[in-house]
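Note sheet for the following structure.
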Amino acid sequence: MTDYVDAGEAIPFAQLSNVKGSAPATTNVDYERIKAAASEPENWLTYYGTYDGQRYSTLDQINKDNVRRLSPAWVFQAGAVGMQSGASTYSFEASPIVVEGVMYVSGPDGRVWAIDAKTGEELWRYKHASPYDVSLCCGNVNRGVAVGHGKVYMYTLNAHLIALDATTGQVVWDTVNGDVRAGESGSVAPLIVKDMVICGSAGGEFGVRGHLDAFDAHTGERRWRCYTVPKPGEPGSETWPDDGEAWQRGGANCWVTPTYDPELELLYQGTGNPAPDFDGAVRPGDNLYTDCTIAVDVNTGEIRWHYQFTPHDLWDYDSTMENLLFDAPDGRKLLAHADKNGYFFVLDRTNGELVRVFPFVDRITWGEITPDGKVTPKIYPDEEGVPVHFWPGPAGGKEWTHMSYNPQTGLIYIPVQEVGATATRRRREFKESIPYWGAGVAVDIEDYYGFVSAVDPLTGEEKWRWRNEYPMCASTLTTAGGLVFQGTPTGEFVALDAQTGEKLWSFQCGSGHHSSPTPFSVDGRQYIAVPTGWGGWIEGFLPGLLGAAAGDALFCFALPED
Amino acid sequence: MTTAESDRAAEYAAAGLDGQNRTALGRLLGTGRIGYVEEDADGTMRAEIRIPEDELRYDPAILILPHGGDLVLTLYNDDKNTHCAVLPSNGDPKFIWLVNHAKGTASISLDGPGTYWYGSTSGNDEGRGLVGAIVIGGEVPDHAKLDRPPQPRP
């Protein structure tokens with residue numbers, strides 16, 4: 001009989017760290033405050049900064065005259081312990097939220113932190129235990145949290161929407177909202193509207209049926225679900241085969257945060273590709289509501305209108321990326337969307353009417369869209385086993401990473417990827433949780449480049465571009481300091497002159513950027529925070545850098561205090 | 001707790017993959033026994049995990065749960081060296097230090113279904129074989145399933 005030493009009870013790992021365990025209570029963030037978020041630029045209250053998705057800050061302490069002095073104020077290292085899913089694909093993709101000097105940010109593998117935004121001190125941490133074997137098409141990533149009603153909301157890799165106490169990081173509620181056995185997962189940053197949390201699903205590469213959901217922010221009870229592929233008999237079902245099963249696996253997932261117009265009470269949600277991505281013969285028809293912007297009534301979850309950018313998609317051209325809201329000089333309510341298919345669309349956001357469409361990339365071979373919106377496919381994988389090369393590749397002329405709009409210049413700053421791909425159709429049977437692409441795909445590892453394009457959305461004119469050897473795979477941010485910030489795949493964080501595109505400053509962060517920078521200020525000092533870390537779906541958007549250095553650090557920049 | 005053996009164990013042994021410093025330097029991960037939890041009336045699941053002498057492995061190496069929920073592990077270090085365990089748990093991983101011939105407990109909470117790994121984060125215990133799996137079966141709740149007819153699975 002062995003006389004064992006008593007090892008006691010296992011303790012939370014954070015006890016063996018310098019984490020404080022609590023964050024200061026902030027004043028409450030509610031719907032009225034988020035609606036007026038532009039009036040408190042010291043904070044970044046919601047995913048895009050404001051409901052309109054402009055990613056614009058009126059802070060101007062950091063400006064084009066002094067940006068050359070910008071330096072790191074602090075760095076936060078995420079790190080990892082043990083084995084995690086997508087062990088080689090983790091990436092820091094979030095846009096940090098900042099409320100009164102407290103930063104809330106999510107990272108890979110179910111982690112959320114509250115950080116002192118002035119010093120970088122870790123205040124509390126939460127880690128949702130994520131299954132190692134969850135289906136993840138595009139890496140171990142999370143795009144951010146929502147903060148409000150005293151809580152921090154995150155959608156986990158295994159499709160749980162969780163609410164944490166904003167001061168302690170402890171779970172308040174946990175709602176299971178997806179089927180991991182079907183290939184569903186979660187990566188989107190939730191959005192708070194009224195007393196609800198809005199959250200979309202991921203898993204389109206595994207043949208799920210996409211949906212957008214609203215939950216009671218206080219209890220986690222689901223208020224409504226909006227499926228983005230109709231059942232037989234529902235509006236839009238005529239765009240799917242009558243007698244088939246295709247609609248059941250149709251995709252159209254909502255894995256990027258919607259924008260929102262409080263006056264119209266409409267959510268503008270981009271939807272993902274149809275499944276299987278490249279084999280259209282099993283799903284004849286336009287396949288609504290894939291590759292669309294859908295305007296969803298926030299109170300009921302009903303689709304009020306839709307606009308489809310790539311009917312019957314055969315190139316993996318999700319339209320999940322943001323729908324940026326802005327108003328024309330005559331007051332017309334507009335929406336701007338730079339699609340994967342290489343075209344930039346301006347729509348009337350009251351009714352979905354096309355106002356303008358024009359290309360924003362140099363190379364488009366898959367097809368053509370005329371100024372009146374007529375779509376003509378030209379090159380696509382329609383013959384079994386025959387390779388077909390096309391531009392843009394499946395990551396698109398612009399992927400999910402976001403553009404920004406500066407009201408001072410009237411320009412939208414688009415991060416552009418010029419990368420092609422070859423797809424070879426290979427039909428396969430559908431099986432739950434197994435990738436359902438219908439093709440072998442190889443994205444080009446040469447002949448690529450990128451640029452930031454400054455476009456006037458009222459005319460379609462490109463005013464300037466800042467060209468880079470590598471594609472742009474991170475969000476832009478623009479400020480009243482006359483600046484555009486852009487992270488590059490090779491690690492540089494760059495500041496450009498918003499009027500001319502001149503490069504004014506850069507800092508090498510050591511790993512590539514695939515996230516969204518956040519501006520804020522504390523005690524009168526302006527900061528720019530940017531999560532870094534090269535990962536995610538690199539084989540899709542830039543396989544030429546699959547071997548580049550990984551990382552997961554959050555840099556926070558400011559001007560020297562003296 | 002019950003265990004299951006298979007012909008595969010004999011194959012690993014014949015290949016020299018199931019021990020220390022045989023064919024490889026360490027023990028190939030995932031080559032140990034499979035164990036199953038016992039379940040209390042209130043749904044709490046329990047199991048014992050041991051670290052045998054000079055084997056640098058958790059036994060059983062793979063622990064199977066019928067569903068997600070609360071799991072109480074009793075861990076024994078029967079080895080003559082010190083190890084530990086960092087175990088996944090919603091909120092924060094749990095840590096227990098296991099000196100030579102120590103016994104302790106860990107209460108963790110995990111979602112199902114899915115597979116979780118844990119390990120001894122000391123030196124290269126993980127590389128030598130001290131990595132265990134917790135495998136959770138079952139389905140997500142009905143309210144979390146898609147509104148569509150049953151689909152084929154692999």
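Note: hydrogens, waters and symmetry copies are ignored here, and every other heavy atom, side chains too, is used. Each chain gets a letter, A, B and so on, in the order its sequence line appears, and its residues count up from 1.
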Max heavy-atom pair count under 4.5 Å with chain A, selected residue of B/G119, B/P149, B/A85, B/G112: B/P149
Full working for salt bridge (charged side-chain N to carboxylate O under 4.0 Å, His left out) between A/D6 and B/K103: CA-CA 5 Å; A/D6 182 5; B/K103 171 188 174 185; over 6 Å; no
A/F206-A/Y436 aromatic ring centre distance below 6.0 Å: no
Structural part of A/V208 lying under 4.5 Å from a heavy atom of chain B: both
Which atoms of B/L146 approach chain A - backbone, side chain, both or neither, heavy atom under 4.5 Å: both
Under 4.5 Å from any heavy atom of chain B - which part of A/V171: neither
Greatest number of heavy atom pairs closer than 4.5 Å to chain A - which of B/L98, B/D147, B/V131: B/D147
Rounded distance [0.5 Å steps], CG in A/D216 versus CZ in A/R222: 13.5 Å
Heavy-atom proximity to chain B below 4.5 Å, by part of A/V180: both
Donor on one side chain, acceptor on other, B/N81 and B/N100, under 3.5 Å: no
Under 4.5 Å from any heavy atom of chain B - which part of A/N158: side chain
Centroid-centroid under 6.0 Å between B/Y58 and B/Y118 rings: yes
Contact leader toward chain B among A/S433, A/A159, A/S130, A/S201, where contacts are heavy-atom pairs under 4.5 Å: A/S130
Salt-bridge present (A/R427, A/D279; N to O < 4.0 Å): yes
Aromatic centroids of A/Y104 and A/W113 separated by under 6.0 Å: no
Within the 6.0 Å centroid threshold, strictly below: B/Y116 and A/Y132: no
Region of B/P154 in contact with chain A, defined by heavy-atom distances below 4.5 Å: both
Per-residue contact mode, A/I11 against chain B (heavy atom under 4.5 angstrom): both
Residue A/I162 versus chain B: region with a heavy atom under 4.5 Å: neither
Option that, when pairs with chain B are counted at under 4.5 Å, heavy atom only, ranks first among A/Q170, A/R181, A/R209, A/R225: A/R181
Segment of B/T115 engaging chain A (4.5 angstrom heavy-atom cut-off): both
Region of A/E184 that comes under 4.5 Å of a non-hydrogen atom in chain B: side chain
Short side-chain donor-acceptor distance under 3.5 Å, B/Q151 and A/R249: yes
